[in-house]
Number of protein chains: 4
Amino acid sequence: MPRPKSDEKRSAIIAAATRVVSAEGLGASTASIAKEAGIANGSLFTYFETKTDLLNQLYLELKIEMAAAAMRGLAESGDLHDQFFQIWRNWTSWAVSHSEKRQALAQLSVCDELTSETRLAGHRTMAAIAELLERIRRNGPMNETPMAFLMTLMNSVAESTMDFMRQDPRRAKQHCRTGFEAVWRMVA
Amino acid sequence: MPRPKSDEKRSAIIAAATRVVSAEGLGASTASIAKEAGIANGSLFTYFETKTDLLNQLYLELKIEMAAAAMRGLAESGDLHDQFFQIWRNWTSWAVSHSEKRQALAQLSVCDELTSETRLAGHRTMAAIAELLERIRRNGPMNETPMAFLMTLMNSVAESTMDFMRQDPRRAKQHCRTGFEAVWRMVA
Amino acid sequence: MPRPKSDEKRSAIIAAATRVVSAEGLGASTASIAKEAGIANGSLFTYFETKTDLLNQLYLELKIEMAAAAMRGLAESGDLHDQFFQIWRNWTSWAVSHSEKRQALAQLSVCDELTSETRLAGHRTMAAIAELLERIRRNGPMNETPMAFLMTLMNSVAESTMDFMRQDPRRAKQHCRTGFEAVWRMVA
Amino acid sequence: MPRPKSDEKRSAIIAAATRVVSAEGLGASTASIAKEAGIANGSLFTYFETKTDLLNQLYLELKIEMAAAAMRGLAESGDLHDQFFQIWRNWTSWAVSHSEKRQALAQLSVCDELTSETRLAGHRTMAAIAELLERIRRNGPMNETPMAFLMTLMNSVAESTMDFMRQDPRRAKQHCRTGFEAVWRMVA
DNA sequence: CATGAATGAGTGTTCATTCAT
DNA sequence: AATGAATGAACACTCATTCAT
């Protein structure tokens, strides 16, 4: 795969797509994304073969950033509860403070055009969290449940939590805690 | 009296839209919906002023059907746990056995064009479930959490459960139970 | 030609068409005309075979009414100048006080769908005026000019006069006189 | 630099629109105009944002061309009568020999979608003629009449004259003269 | 490599007319 | 005769993608 000349321009497109998709949804035109990125209409296709390709890459990139944010500053040791809570806090507060990114991600998550590879890679992004969750549930009531199911469950609770934190920012901290404890009760 | 606007035809459009939206997403063309319904292109607009209007009505209709299915045969008495489980089982099994409807509903739930009235009416659909949940959590750890948050949480766990039941139908029953118990631990 | 049962309904359509065409132009839909007339969509076609047919008849009817208004109360005798001025005054003041009719007529006059028969019949409507004009010009500078040309000239001056009277109603009377005198100088 | 927006193509569209509008009226479809211009359906919108925009520009362009034709070769000096007659001759003969342009212009003149700016600019086109007319009428019977009224009057006589010249080309020259003299008697 | 004009299939919606009731 | 639902060809306009410059 030939690396395109300007990584800077690629990033500009990704950033523009984030903004435009979060504002206009997946129906946003490639033209409007290019304009937002400050490049020409057709140049977008130098960096991304098709619109679908762009959406796939955007999804993955946002997923990766989100996971990285969740893991930021995680102590290797420490008890599971604290480690998990720190991740939860990182995760949800990233979502609140990067609302365009999260909104774009939410739109992309329901996009028909994501390939299964992209989705898979997206899930792998959360491997570290999955491992932690695995250890948490080991002696809990869900120790027989497929991990994939568990991850989905956790994810969906996280999403709900984030939505509430955004809608009611004054009590964001409290909602964060509430969501966390709900998950903890579910699995631990 | 001329040919009366036929309920049958309206239903055919709604049914066609369900199928087409579940297969192609919200981008499905009104033409393809009309074709699927076996009517002329323009006739769709006799029954629904605009595509947006159709989507709103479809959403509401599916939501109502889903809620009705969930409540089917519910004993007025009985303990909360059993009542809730019955609902949960009704609900998730409706979703599994009407996967097109559920998929369409999933697409519609993220549709930008739903009016807030439609969404509100959609939520009201679940009022009976909400009441039950209210009584369940009364003495539980979430008795201070806003009901709206709780409902969202429950909903998202239900969605995840349904997804798993569909993906792995051989163990659908078990996944159903697992999801239920997870929610119960969260709130009760 | 079978006379339709209800002349009243036919008139209602003609009146409605006048209003709607004057407001929306020739692009006005038959549906909106029917609605304005208080009848059903399809009933319009009981009275007029096609939209074109309606427009043709409307044109003619308005032309006839306009001509009748122009001739109203005309003394058989009296000198040409006075007779002509009376007609001119009748004519332009009808236009000003029936602005919807005149506007509709103006739209219709440039309509591609008028048949040549309709146009011809429209012109015949003005026969009495033509005769008068014929006598007026007899010893004037235009005694060799084809009458058709003369009529067209007079008509277009009348139209301009009416426009000005409508635009500037406070000096309507004066504009009426100015237009009249201009024509008189042209032909007499 | 990419393919530059070609003036040639813009002109082709304008020319095509002239032909198609003169033949089919303002209802002519953008598709038929594009086809006549030999370009793709959507390319028309590269050059003109909307159909309305195209019609506005077409009107103005034709008006400008017409005015330029009228003024062609005008002697700065010479008496008013001769100057005005030359303009009149230029003007009417342009109309006769560019009948598509004139017909299109006639349609456009009654188009509801022309902006008032376009109309204003269209009138300014005739400023030089207006000035001449102003000087002509100075000592004549219409020296108190608003110039706008006078211009409208002159215009409508010119239109009638052109119509007759076209209908009866063998006597075009004579009709031209007749029309001119009629105007002259009106104002001078 | 960058540009933006060119393309043409596709969109939601309208409308004159027909016809079952 | 009256109704208004049904029809399907148009319509103005959009857009992902290509390609001449």
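Both backbone and side-chain heavy atoms feed into the values below; hydrogens, waters and symmetry mates do not. Every chain is numbered from 1, with letters handed out A, B, ... down the list of sequences.
Between Arg10(D) atom CZ and dA5(E) atom P there is a gap of 14 Å when expressed in whole angstrom units. At whole-Å resolution of the value, CD in Glu24(A) and C1' in dA16(F) are 15 Å apart. One interatomic measurement links the two molecules: CD of Glu8(B) to P of dT21(E), which rounds to 12 Å at whole-angstrom precision. Between the C1' atom of dC1(E) and the CD1 atom of Ile13(A) lies a distance of 13 Å, rounded to the nearest Å. dT7(F) atom P lies 7 Å from atom CD1 of Ile39(B), rounded to whole Å.
Between Gly38(C) and Leu26(D), the one whose closest nucleotide on DNA chain F sits nearer the 5' end is Gly38(C).
Here the CD atom belonging to Glu100(C) is positioned 8.0 Å from the OG1 atom belonging to Thr18(C), to the nearest 0.5 angstrom. Taken to the nearest 0.5 Å, the CD1 atom of Ile13(C) stands 12.0 Å off from the CD atom of Glu36(C).
Salt-bridge annotation for Arg102(D) and Glu159(D): present, with a side-chain N of the basic residue lying under 4.0 Å from a carboxylate O of the acidic one. A salt bridge is absent between Asp7(B) and Arg10(B); no separation between the charged side-chain nitrogens and carboxylate oxygens falls under 4.0 Å.
In this model, no donor atom of one side chain and acceptor atom of the other lie less than 3.5 Å apart for Ser43(D) and Thr46(D).
Checked against salt bridge (charged side-chain N to carboxylate O under 4.0 Å, His left out), Lys101(D) has the following partners two or more places apart in sequence or in another chain: Glu65(D). Under the salt bridge (charged side-chain N to carboxylate O under 4.0 Å, His left out) criterion, Arg124(D) pairs with no residue at all, not counting sequence neighbours.
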List the atom pairs, with distances to 0.1 Å, where a side-chain N or O of residues 23-32 of chain C and a protein N or O form a donor-acceptor pair under 3.5 Å, not counting sequence neighbours.
from: Ser29(C); atom 1: OG; to: Ser32(C); atom 2: N; distance (Å): 3.1
from: Ser29(C); atom 1: OG; to: Ser32(C); atom 2: OG; distance (Å): 3.4
from: Ser32(C); atom 1: OG; to: Ser29(C); atom 2: O; distance (Å): 2.8

Evaluate the side-chain contact (heavy atoms from CB on, under 4.5 Å) criterion for residues Leu55(A) and Thr50(A): first the C-alpha distance (whole Å), next the side-chain angles of each, then the deciding distance (0.1 Å), finally the verdict.
CA-CA 9 Å; Leu55(A) 295 181; Thr50(A) 63; over 6 Å; no

Give the C-alpha distance, both sets of side-chain angles, the deciding distance and a yes or no for side-chain contact (heavy atoms from CB on, under 4.5 Å) between Thr118(B) and Lys63(B).
CA-CA 10 Å; Thr118(B) 299; Lys63(B) 210 61 178 164; over 6 Å; no

Given side-chain contact (heavy atoms from CB on, under 4.5 Å), test Arg166(B) with Asp163(B) step by step and report yes or no.
CA-CA 5 Å; Arg166(B) 182 163 51 89; Asp163(B) 282 338; 3.7 Å; yes

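Taken residue by residue, residues 41-62 of chain B places heavy atoms nearer than 4.0 Å to DNA chain E at Gly42(B), Phe45(B), Thr50(B), Lys51(B). Remark: Ala28(B), Ser29(B), Thr30(B) in residues 27-35 of chain B come within less than 4.0 Å of DNA chain E through at least one heavy atom.
Between its opening and closing five pairs, the helix from dA2(E)-dT21(F) to dT21(E)-dA2(F) changes axis direction by 0°, a value rounded to 10 degrees.
The phosphate of dA2(F) (OP1 or OP2) has a side-chain N or O of Lys9(C) nearer than 4.0 angstrom.
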